[in-house]
J.: 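Below is a structure I'd like to ask you about.
Letters A, B, ... are given to chains in the order of the sequence lines, protein chains preceding strands, and every chain is numbered from 1.
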Amino acid sequence: MPKITFIENDGTEHVVEAEVGLSVMEAAVRNMVPGIDADCGGACACATCHVYVDEAWRDKTGKPEAMEESMLDFAYEPKENSRLSCQITVSEALDGLVVRLPEFQG
Amino acid sequence: MTERIVIIGAGQAGAQAAASLRQEGFAGAVALIGAEAHPPYQRPPLSKAYLQGALARDRLWLRPAAFYEKENIALRLGARVARIDRAARRVALDTGEALAYDRLLIATGAPPRRLACPGADLAGVAYLRGIDDSDALRPLLAGARRLVVVGAGYIGLEVAAVARKAGLAVTAVEAAERALKRVAGPPVSAWFEALHRAHGVELRFGETVAAFEGRGRVEAAVLASGEAIACDAVLVAIGAAPETGLAAAAGLPVDDGIVVDETARTEDPAVWAAGDCANFPSPLYGRRMRLESVPNAIEQAKAAAANMAGRRTVYDAVPWFWSDQYDAKLQTAGIGAGADEIVERGAPGAKARAAWYLREGRLIAVDALNDIPAFAVGKRLIAAKARPSPKTLADPDADLKSLLT
Ligand SMILES: Cc1cc2nc3c(=O)[nH]c(=O)nc-3n(C[C@H](O)[C@H](O)[C@H](O)COP(=O)(O)OP(=O)(O)OC[C@H]3O[C@@H](n4cnc5c(N)ncnc54)[C@H](O)[C@@H]3O)c2cc1C
Ligand code: FES
């Protein structure tokens, strides 16, 4: 299974094994990574699953679609590399993915 | 002695409260008791992706099993609380077992209202609240050709959308004169009526179902007017009623939900209630309300947990909600009831639309269809009790963000 590293705002790292086909958000929730609330359960409606994708991985995770981009616009401290983790699907190509968590969600 | 907290109802609110109690640093015993056999799960996909068969069941779980172990939360599934004994601070399970508590949270939700008309118990007449209902509805739809949906609220419309996508003929019968009347203004009803008609759903307003007919299985829905609509499946989605039986039997005040204060506490200082079953005072709106939504369940449960753990917290979040139908995404912030003006943004027929609800100039709600900026900006303006210019709100080219400064 692909490995994903979540880095909390305080630097704490969580390396988890993620099932292919799930979203990166689900990989975090299933592995009890704190800091991803995912209130809407992946409906792209709440923006509480916001992550910053490590520069090296931005090509592989791709660009947000219009709805997601619009949601990110109103997330807490959006940056160029912001994504909603419920909209990124885990694949073998993402083995080694590194994402950072914002200080707050919402 | 260890303090004991018992939570009745392992749904969205109950599970959140258990998790939040630990986040608040509560170190005593936490028991989370759920009548259903399933671990705490999310209901929204039950009328959307899960019903369509596009989501595996284990993707509904709110948290992994390991979470409850790690946080030392005693999850009791398939166990129903039969009685609350407030004098002895004890709940009795239907197994006869008793559990003592120091503080109690009631998070029992709101099961669907039932139709009592003749034929309502025929095979093929379904309701939708839990996983088991969705699991039963999916094969029912797969084997059916004509579905009648009773009630044009969110759940009814979402199921209508799933059924149309699966190729069924769908008729929705609604007693009111428009769809979504209980939760949305006339313009929003019109958007959804147009959306469903464009997808081939037949909408019948101002009609009620008087009976279902069929030999063993439903074959027709008979309207009060006498007209019979042939069908081989029926979904009854006429709203939900708060599960208040336990609270009422224990002598707690109940009035469209278990009556709580702004800290989610009932009249009994040892008992709280949160989620679909709770009727609470909203500081933002200056009146009591009861909501049925995931964000309300989550935020009110967080507030209840904080108060139960000894940190006084007032529940005053801006309510919000979403619904997905076909390719349309609706996001709602605030409560539009009581609006004296509704301003529309977006040209008729445009993909992105919004309806702004104002009361004496103050923004109290927004319904945003495929219009995330309207939702996000609206939510903030509502929290700030802002009085945005209706002209800017109506202008689809306006930069809504400018309203936030
Ligand atoms: C099909 C469907 C689609 C929905 N879609 C959306 C949506 O898109 N967006 C949104 O925001 N909201 C949606 N909702 C609403 C949302 O799911 C609810 O508001 C939310 O689940 C409420 O949480 P709760 O904890 O109050 O109640 P629930 O999640 O219903 O949990 C209550 C639990 O308590 C248990 N219980 C009751 N009595 C007892 C007892 N005596 N002993 C033990 N256990 C008991 C019940 O079995 C139940 O499991 C939807 C609901 C449904 C049914
Ligand atoms: S979980 Fe709500 S937007 Fe990702």
J.: I'd like to know whether B:Ile372 forms a side-chain contact (heavy atoms from CB on, under 4.5 Å) with A:Glu69, so could you lay out the CA-CA distance, the side-chain angles of the two residues, the decisive distance to 0.1 Å, and finally the verdict.
T.: CA-CA 10 Å; B:Ile372 286 164; A:Glu69 196 164 9; over 6 Å; no

J.: Looking only at heavy atoms and a cut-off of under 4.5 Å, which of B:Ala66, B:Pro45, B:Ala49 has the most pairs with chain A?
T.: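 Of the options given, most contacts go to B:Ala66.
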
J.: Roughly how far apart are B:Glu299 CD and A:Asp39 CG, rounded to 0.5 Å?
T.: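 B:Glu299 atom CD to A:Asp39 atom CG measures 6.0 Å (nearest 0.5 Å).
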
J.: Take a 6.0 Å sphere around CD of A:Glu17 and say whether it holds more than 12 heavy atoms from other residues, nucleotides or ligands.
T.: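 Yes, because the 6.0 Å sphere around CD of A:Glu17 holds more than 12 heavy atoms from other groups.
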
J.: Could you walk me through whether A:Arg30 and B:Asp58 pass side-chain contact (heavy atoms from CB on, under 4.5 Å), step by step?
T.: CA-CA 10 Å; A:Arg30 287 188 179 202; B:Asp58 70 352; 3.4 Å; yes

J.: Under 4.5 Å heavy-atom distance to chain A, tell me which part of B:Leu62 shows up: side chain, backbone, both or neither.
T.: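 Backbone only.
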
J.: I need the A:Asp37 CG to B:Lys302 NZ distance, nearest 0.5 Å.
T.: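 Between atom CG of A:Asp37 and atom NZ of B:Lys302 there are 5.0 Å.
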
J.: May I ask you to decide if A:Ala45's main-chain N or O and B:Lys329's side chain share a donor-acceptor pair within less than 3.5 Å?
T.: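 No, the answer is negative, given that no donor and acceptor are paired below the 3.5 Å cut-off.
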
J.: Shorter than 4.5 Å, heavy atoms on both sides: which option in B:Asn370, B:Ile298, B:Val294 has the most such pairs with chain A?
T.: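 Greatest number of close heavy-atom pairs with chain A: B:Ile298.
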
J.: So which part of B:Lys48 gets closer than 4.5 Å to some heavy atom of chain A, the side chain, the backbone, both or neither?
T.: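 Contact with chain A involves no heavy atom of B:Lys48 at all.
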
J.: So which of B:Arg59, B:Arg63, B:Gln331 has the biggest tally of heavy-atom pairs under 4.5 Å with chain A?
T.: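 Answer, by heavy-atom pair count under 4.5 Å with chain A: B:Arg59.
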
J.: More than 12 foreign heavy atoms under 6.0 Å from NZ of B:Lys165: is that the case here?
T.: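 Enclosed.
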
J.: Could you look at B:Pro373 and say if it's the side chain, the backbone, both or neither that has a heavy atom under 4.5 Å from chain A?
T.: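 B:Pro373 touches chain A through backbone and side-chain heavy atoms alike.
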
J.: Sort by residue number and list every residue of residues 377-385 of chain B having at least one heavy atom under 4.5 Å from chain A.
T.: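 B:Val377, B:Arg380 fall under the 4.5 Å cut-off.
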
J.: Under 4.5 Å from any heavy atom of chain A, what part of B:Gln16 do you find: side chain, backbone, both or neither?
T.: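 When you check distances to chain A, no heavy atom of B:Gln16 falls under 4.5 Å.
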
J.: Does any backbone or side-chain atom of B:Trp320 lie under 4.5 Å from a heavy atom of chain A? Answer side chain, backbone, both or neither.
T.: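 For B:Trp320, side-chain heavy atoms alone lie under 4.5 Å from chain A.
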
J.: If you count every heavy atom of other residues, nucleotides or ligands that lies below 6.0 Å from A:Asp10 atom CG, does the total exceed 12?
T.: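 Yes, because the 6.0 Å sphere around CG of A:Asp10 holds more than 12 heavy atoms from other groups.
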
J.: Which heavy-atom pair separates B:Asp324 from A:Ala43 by the least distance, and what is that distance?
T.: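 That would be OD2-CB, 4.2 Å.
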
J.: Name the option with the most non-hydrogen atom pairs under 4.5 Å to chain B; the candidates are A:Ala47, A:Ala66, A:Cys44, A:Gly42.
T.: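 Of the options given, most contacts go to A:Cys44.
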
